[in-house]
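Everything below concerns the one structure shown next.
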Number of protein chains: 2
Amino acid sequence: MEEKAVIKALAALAQASRLRVFRALVVAGRPGLTPGALGNTLGLPPATLSFHLKELAHAGLVSLERSGRHLIYRAEYAHMNGLLAYLTANCCEGEPCAVVASTSCPC
Amino acid sequence: MEEKAVIKALAALAQASRLRVFRALVVAGRPGLTPGALGNTLGLPPATLSFHLKELAHAGLVSLERSGRHLIYRAEYAHMNGLLAYLTANCCEGEPCAVVASTSCPC
DNA sequence: TCCATATTTCGATAACCGTGGAAATGATGA
DNA sequence: TCATCATTTCCACGGTTATCGAAATATGGA
């Protein structure tokens, strides 16, 4: 993962409404959530929510799929894991160190 | 870790200069680095670097210690790990999932 | 005490970001 | 085709952020 993508992802998450949206999608897992459901849960007006979802999608942290007249948003676990890995890479000059924020999420 | 702290940490990292500073400190490990060394490595003017270091310190991502006429900045691994854990908590509705960004860094 | 070096604070500027109402777009079923 | 519901785009406002030169503040050594 490149620095630019990392910064975009971090910036996307560094905002209360977006972090909540993303967390809700992370918890939701495979089935994902529609903007309507997210809006109800989090109490965000449609325009605001749409703005933030686009921001998250741009950052690669969520994906969307149309299903009838609904959209389904899902967390992109691989991208999130790339982000975590970037932050911990080459930690501590090779000293023994348990971070190496693991792996991938096969949800 | 609370949402507010998480957002502060993410915002602190969502900026190229700061991310580079933090990464340099993560790699440096226990010995840490002085602002002078960071400035040389990253080519940042003193005022800019100082601004960013304060930002990182405020976010809890780095700590500093005075040593003679030098300051030593270090990455706060525990805080970083708290951040990673927050992002992956309760992932995927309890489906089996390898994320759970591990543990702590005993560097 | 005084100097040289390390680092921070001040201040000004330009650019970016979050918010949400109102209007537009897109999709479906009748 | 039309009515309806879901979602996005447009727009304007106020607030926050990054940058860095110049000046101020440590600190230790001579």
Side-chain angles (χ1 to χ4, degrees), chain A residues 3-25 28 31-76, chain B residues 3-25 28 31-76:
Chain A
E3 189 189 70
K4 237 179 182 171
V6 170
I7 289 168
K8 230 174 175 181
L10 289 167
L13 295 173
Q15 205 284 328
S17 300
R18 277 197 302 265
L19 182 57
R20 286 185 199 135
V21 168
F22 181 72
R23 285 290 304 143
L25 293 174
L33 292 169
T34 63
L38 284 164
N40 289 342
T41 307
L42 303 176
L44 291 174
T48 302
L49 178 57
S50 181
F51 171 79
H52 289 311
L53 282 170
K54 200 186 331 184
E55 208 76 359
L56 287 167
H58 250 116
L61 286 165
V62 308
S63 61
L64 67 157
E65 181 194 351
R66 185 167 278 282
S67 163
R69 72 167 110 185
H70 294 269
L71 288 173
I72 300 181
Y73 282 87
R74 292 193 186 87
E76 278 293 313
Chain B
E3 188 187 72
K4 237 179 182 170
V6 170
I7 289 170
K8 230 176 174 178
L10 289 166
L13 295 173
Q15 207 283 330
S17 300
R18 277 197 302 263
L19 182 58
R20 287 187 198 131
V21 167
F22 181 71
R23 285 289 306 146
L25 292 173
L33 292 168
T34 63
L38 283 163
N40 289 342
T41 308
L42 303 176
L44 291 174
T48 302
L49 178 58
S50 181
F51 171 79
H52 289 310
L53 281 170
K54 200 185 331 183
E55 208 77 359
L56 287 167
H58 252 114
L61 285 165
V62 308
S63 61
L64 65 157
E65 181 193 351
R66 187 165 277 283
S67 163
R69 73 166 109 185
H70 293 268
L71 286 175
I72 300 182
Y73 281 87
R74 292 193 185 88
E76 278 293 314

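Numbered from 1 within each chain, the chains take letters A, B, ... in sequence-line order.
With sequence neighbours left out, the side chain to side chain contact (heavy atoms under 4.5 Å, CB included) criterion links B:Ala5 to B:Met1. Residues that satisfy the salt bridge (charged side-chain N to carboxylate O under 4.0 Å, His left out) test with B:Arg23, not counting sequence neighbours, are absent from this structure. Annotation: side chain to side chain contact (heavy atoms under 4.5 Å, CB included) contacts of A:Ala28 (sequence neighbours excluded): A:Leu33.
Mapping heavy-atom proximity under 4.0 Å, the span of DNA chain C touched by chain B runs 5' to 3' from C:dA4 to C:dT9.
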Give every pair of a protein N or O atom and an N or O atom of nucleotides 5-12 of chain D that lie under 3.5 Å apart, one pair per line with the distance.
unit_1 : atom_1 : unit_2  : atom_2 : d
D:dC5  : O4'    : A:Arg69 : NH1    : 3.4
D:dC5  : O2     : A:Arg69 : NH1    : 3.2
D:dT7  : OP1    : A:Leu71 : N      : 3.3
D:dT7  : OP2    : A:Gly36 : N      : 2.9
D:dT8  : OP1    : A:Tyr73 : OH     : 2.7
D:dT8  : OP2    : A:Ser50 : OG     : 3.3
D:dT8  : O5'    : A:Ser50 : OG     : 3.3
D:dT9  : OP2    : A:Lys54 : NZ     : 2.8

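Taking all atoms of both residues into account, the shortest heavy-atom contact from A:Ala59 to A:Ala12 is CB-CB, 3.7 Å. Considering every non-hydrogen atom in both A:Leu13 and A:Leu19, the closest pair reads O-CB, 3.6 Å.
Within residues 4-12 of chain B, no residue has any heavy atom under 4.0 Å from DNA chain C.
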Distance-only criterion, 3.5 Å: show the donor-acceptor pairs between side-chain atoms of residues 35-56 of chain B and protein atoms not counting sequence neighbours.
unit_1  : atom_1 : unit_2  : atom_2 : d
B:Thr41 : OG1    : B:Ala37 : O      : 2.8
B:His52 : ND1    : B:Arg18 : NH1    : 3.2

Less than 3.5 Å apart, which donor and acceptor atoms pair up between the side chains of residues 61-70 of chain A and the rest of the protein, not counting sequence neighbours?
unit_1  : atom_1 : unit_2  : atom_2 : d
A:Ser63 : OG     : A:Glu76 : OE2    : 3.0
A:Glu65 : OE1    : A:Arg74 : NH1    : 2.9
A:Glu65 : OE1    : A:Arg74 : NH2    : 3.4
A:Arg66 : NH1    : A:Gly68 : O      : 3.4

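The CD atom of A:Glu3 sits 14.0 Å away from atom NZ of A:Lys8, with the distance rounded to the nearest 0.5 Å.
Along DNA chain C, the nucleotide nearest A:Ser67 and the nucleotide nearest A:Ser17 are compared for position; the residue whose nucleotide lies closer to the 5' end is A:Ser17.
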For this session: Take B:Tyr73 and B:Thr34, measure what side-chain contact (heavy atoms from CB on, under 4.5 Å) needs, and give me the verdict at the end.
Result: CA-CA 6 Å; B:Tyr73 281 87; B:Thr34 63; over 6 Å; no
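Axis angle between the ends of the helix from C:dT1-D:dA30 to C:dA30-D:dT1, five pairs each and rounded to 10 degrees, works out to 30°.
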